[in-house]
Chemist: 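Encoded as C-alpha cells, here's the structure I'll be asking about.
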There are 2 protein chains.
Amino acid sequence: MAGTAEQGTRRRADARRNEEALLDAAAAAFVASGVEAPVRDIAARAGVGVGTVYRHFPTRADLVVAVYRHQVEACVEAGRTCLDEEPTPYAALARWIDMFVDFLVTKHGLATALRSDSERFDALHSWFLDRLGPVAARLIEAAVDAGEIRSDIGAYALMRGVGNLCIGAENDPRYDARTLVGVLIAGLRLPDRSG
Amino acid sequence: MAGTAEQGTRRRADARRNEEALLDAAAAAFVASGVEAPVRDIAARAGVGVGTVYRHFPTRADLVVAVYRHQVEACVEAGRTCLDEEPTPYAALARWIDMFVDFLVTKHGLATALRSDSERFDALHSWFLDRLGPVAARLIEAAVDAGEIRSDIGAYALMRGVGNLCIGAENDPRYDARTLVGVLIAGLRLPDRSG
DNA sequence: CTAAGCTACGGAACGACGTTCCGCTTAGCA
DNA sequence: TGCTAAGCGGAACGTCGTTCCGTAGCTTAG
C-alpha cells in the first residue's frame with residue numbers, strides 16, 4: 001500500500017539507501033513541522049531531489065503511511081489483546097480508544113491530515129480505516145453484546161468521530177482532545193440494568 | 001471583522017454593487033463547491049477581478065464570515081431564547097447544539113474550514129468562537145448549576161469538539177455527525193440524583 | 001577491468017492555490 | 001465638460017503537490 005518495494009534484493013544499493021534516508025527524514029520533518037511538512041523539505045532533509053521522493057512513495061500520503069506503519073500495526077495488535085486484559089468489553093474499548101488518541105495527538109497534525117480538505121490524503125484516510133476499522137468493530141460488537149453500550153454507532157463512525165475530535169489538539173490549553181473523547185465514549189454507555 | 005465598509009453612502013455606486021454581487025456569487029459558489037471554492041471562481045461568478053474581491057474582503061475568511069453572518073447571528077439569538085423555551089437547561093443546551101450542527105453540516109465544508117490546516121482560516125475560526133462561545137458558555141453554566149452535566153468541559157472545548165465532529169459530514173452515509181454529537185452531549189450528563 | 005545498459009536520480013516545469021501590486025477606467029462632483 | 005481619486009482587472013508572486021525527462025552512476029556480462 002505504501003510505495004515501498006517488497007524485496008531489498010534486486011534493487012540498486014542507492015535506491016535502498018535513499019528510501020531509508022527518506023523515511024528517517026520524513027519522521028524528523030513530521031516531528032519538527034507536523035505531517036503537513038512540504039515534500040521539498042523532506043527531500044532536502046534526506047539530501048535527495050523531489051523526484052526521488054515520488055519514485056519511492058507515489059504520493060505524500062503513502063510516505064506518511066510508511067512512516068507510521070509500525071505504530072498503527074501496534075494499535076491493531078493492542079486491539080486484539082485488550083479484550084482479554086480488561087474486565088469488561090467496555091473497559092477494553094475505552095482503553096483501546098485511549099491508545100488510539102495517544103497516537104493521533106502525539107503526531108502533530110496527523111488527525112488533521114487524516115480528515116483534511118479533500119482527496120489529498122484519501123489514501124492515508126482509507127488505509128487507517130481499513131487497518132483499524134475491523135479492530136474497533138470487534139471491540140464495539142463485544143460491548144454491544146454485553147449490553148454495555150448503545151448499538152447504533154458503527155465502527156466507522158466511531159473511528160471518524162474520535163479522529164475528528166483529535167484534530168488540532170496540540171498547542172491549545174483550552175482544548176483537551178482526550179477529555180472530549182472520554183465524554184464521547186461515556187455517551188455510548190447504556191444505563192446499567194444489572195442492579 | 002468582515003471587510004465590509006460601514007456606510008452605504010460615501011462609497012461609489014459600483015463599489016456597493018460589486019460588494020453585493022460578490023456576496024451573492026460567494027453564496028452561490030459555496031453552495032455549488034463548498035466553502036473551499038477558489039477566490040478566482042467567486043470573482044468570475046461575480047464578473048469582477050480577483051483584486052476587487054480582496055479590496056472588499058481582505059482575506060478569504062472575511063468573505064466567508066460576511067456570507068454567513070446572518071445565520072450565525074441567528075444562532076446567537078437562539079441561544080438567548082433556548083433557556084426560556086426548554087424545560088431544563090440541559091434540554092436547552094441540547095437543542096442549541098442541534099441548531100449549531102444544522103448550520104455546520106448544511107454548509108458544505110464549513111466545519112472543515114473552521115478547523116482547517118492552519119492560519120488560512122484563523123479569522124473565521126476566532127470569529128465563530130468569539131460570537132458563539134459566550135452563548136455556549138451561558139447554556140453550559142446553567143446546566144452545570146442545575147447539576148445536570150459535568151463541570152469540567154469549557155465552552156471553548158465543547159464548541160470545538162462539536163465543530164470537529166461535523167467535519168466531513170456530507171456525502172458519507174456511514175458517518176452521521178448529528179448522531180455522534182448526540183452521543184457527545186449524552187456523555188456530558190451526570191447521573192440523575194433526584195430519585 | 002572495462003563498457004554497455006538500464007535503474008534511479010535531480011530539479012526544472014506545471015497547474016492549482018491565496019494574495020499583492022499597479023496601471024488604467026470611470027463615477028461623482030464642480 | 002473636465003478633474004481627480006476611488007475603484008477596477010488581472011498579471012505576477014510565492015506556496016503547494018506532482019510530473020517529466022535528460023543524465024549520472026550502479027550493476028553485471030564479457
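So you know, we letter chains A, B, ... as the sequences are listed, proteins then strands, and number each from 1. Treat the numbers as computed from the prediction; the structure is a model and nothing was measured.
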Chemist: Of the options Arg12(B), Arg16(B), Arg17(B), which is the one that meets Asp14(B) in a salt bridge (charged side-chain N to carboxylate O under 4.0 Å, His left out)?
Modeler: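 Option passing the salt bridge (charged side-chain N to carboxylate O under 4.0 Å, His left out) with Asp14(B): Arg12(B).
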Chemist: Whether the side chain of Arg55(A) and the base of dA8(C) hold a donor-acceptor pair under 3.5 Å is what I'd like checked.
Modeler: no
Chemist: Whether the side chain of Arg10(A) and the base of dT27(D) hold a donor-acceptor pair under 3.5 Å is what I'd like checked.
Modeler: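 In this structure, the two groups form no donor-acceptor pair.
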Chemist: Would you say His56(B) reaches dG7(D)'s phosphate, i.e. side-chain N/O to OP1/OP2 under 4.0 Å?
Modeler: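 Indeed not, no polar side-chain atom of His56(B) lies that close.
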Chemist: Taking the side chain of Arg60(B) as its heavy atoms from C-beta onward, which of dA27(C), dA12(C), dG18(C) lies nearest to it?
Modeler: dG18(C)
Chemist: Applying the 4.5 Å side-chain criterion to the ILVMFWY set and letting contacts propagate, would Met99(B) and Leu184(B) be lumped into a single cluster?
Modeler: no
Chemist: Which label fits Phe103(A) and Phe128(A): parallel for a plane angle under 30°, tilted from 30 to 60°, or perpendicular past 60°?
Modeler: parallel
Chemist: dT20(C) phosphate, OP1 or OP2: any side-chain N/O from Tyr54(B) under 4.0 angstrom?
Modeler: no
Chemist: On DNA chain C, compare the nucleotides closest to Val39(B) and Thr52(B); which residue's is nearer the 5' end?
Modeler: Val39(B)
Chemist: Would you say Thr59(B) reaches dG18(C)'s phosphate, i.e. side-chain N/O to OP1/OP2 under 4.0 Å?
Modeler: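 No, Thr59(B) has no side-chain N/O under 4.0 Å of OP1/OP2 on dG18(C).
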Chemist: Are any of Arg12(B)'s side-chain N or O atoms less than 4.0 Å away from OP1 or OP2 of dG7(D)?
Modeler: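 So the side-chain polar atoms of Arg12(B) never come under 4.0 Å of the phosphate oxygens OP1 or OP2 of dG7(D).
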Chemist: Mapping Ala15(A) and Ala37(B) onto DNA chain C by nearest heavy atom, which one lands closer to the 5' end?
Modeler: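 Upstream on the strand: Ala15(A).
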Chemist: Rounded to whole Å, how long is the line connecting atom CZ of Arg11(A) with atom P of dT27(D)?
Modeler: 12 Å
Chemist: Looking at the side chain of Asn18(B), which of dC9(C), dC8(D), dT20(C) is the nearest nucleotide?
Modeler: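 That would be dC8(D).
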Chemist: On DNA chain D, compare the nucleotides closest to Asp14(B) and Arg40(B); which residue's is nearer the 5' end?
Modeler: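 Its nucleotide being nearer the 5' end, the pick is Asp14(B).
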Chemist: Does a donor on one side chain and an acceptor on the other come within less than 3.5 Å for Tyr54(A) and Asp62(A)?
Modeler: no
Chemist: Can you find a pair of side-chain heavy atoms, one from Arg131(B) and one from Glu73(B), that are under 4.5 Å apart?
Modeler: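 Yes, their side chains come closer than 4.5 Å.
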Chemist: Rounded to the nearest angstrom, tell me the gap between atom CD1 in Ile42(A) and atom C1' in dG11(C).
Modeler: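 So the CD1-C1' distance, Ile42(A) to dG11(C), works out to 17 Å.
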Chemist: Tell me the interatomic distance from Asp41(B), atom CG, to dG15(C), atom C1', rounded to whole angstroms.
Modeler: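 Going from CG in Asp41(B) over to C1' in dG15(C) covers 14 Å.
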